[in-house]
Amino acid sequence: MQLIPDVRRVLSRAWSLVRARLLPDVASILRRAWSLRLMELAALADVIINVVPATADYLPWWLTLLLLVGAWAARLVAQPDKEQANANQ
């Protein structure tokens, strides 16, 4: 006895509803997601510097900070002004 006889159908339907409501244009978002890419690079650089001490000679300590500041700046550039967003509504 199963609680839900057709689990795959239910899950695929739920996933399509979530995907349609949360991210209507995934390709466009991923193309412009520079802040996310820079944050991932900052995390990777931090892990590499702390886990492999030999790389500390080649990667400067401020690389993580530089990548995080770049992510912040990319987010400010990608985010529309509040006045412009209110005018579109």
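Bear in mind the structure is a predicted one, so any value in this text is a computation, not a measurement.
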Can you measure from [atom1] ([X]) to [atom2] ([Y]) and round to the nearest 0.5 angstrom?
X: Tyr58; Y: Leu63; atom1: OH; atom2: CG; answer: 15.5 Å
X: Arg75; Y: Leu38; atom1: CZ; atom2: CG; answer: 13.0 Å
X: Leu68; Y: Met39; atom1: CG; atom2: CE; answer: 8.0 Å
X: Leu41; Y: Asp46; atom1: CG; atom2: CG; answer: 12.5 Å

Within one Ile-Leu-Val-Met-Phe-Trp-Tyr cluster: Val52 and Val47, side-chain cutoff 4.5 Å: yes
Shortest non-hydrogen separation from [X] to [Y] and the atoms involved:
X: Ser35; Y: Ala74; result: N-CB, 3.9 Å
X: Ile49; Y: Thr55; result: CA-OG1, 3.9 Å
X: Ala45; Y: Leu67; result: CB-CD1, 4.4 Å

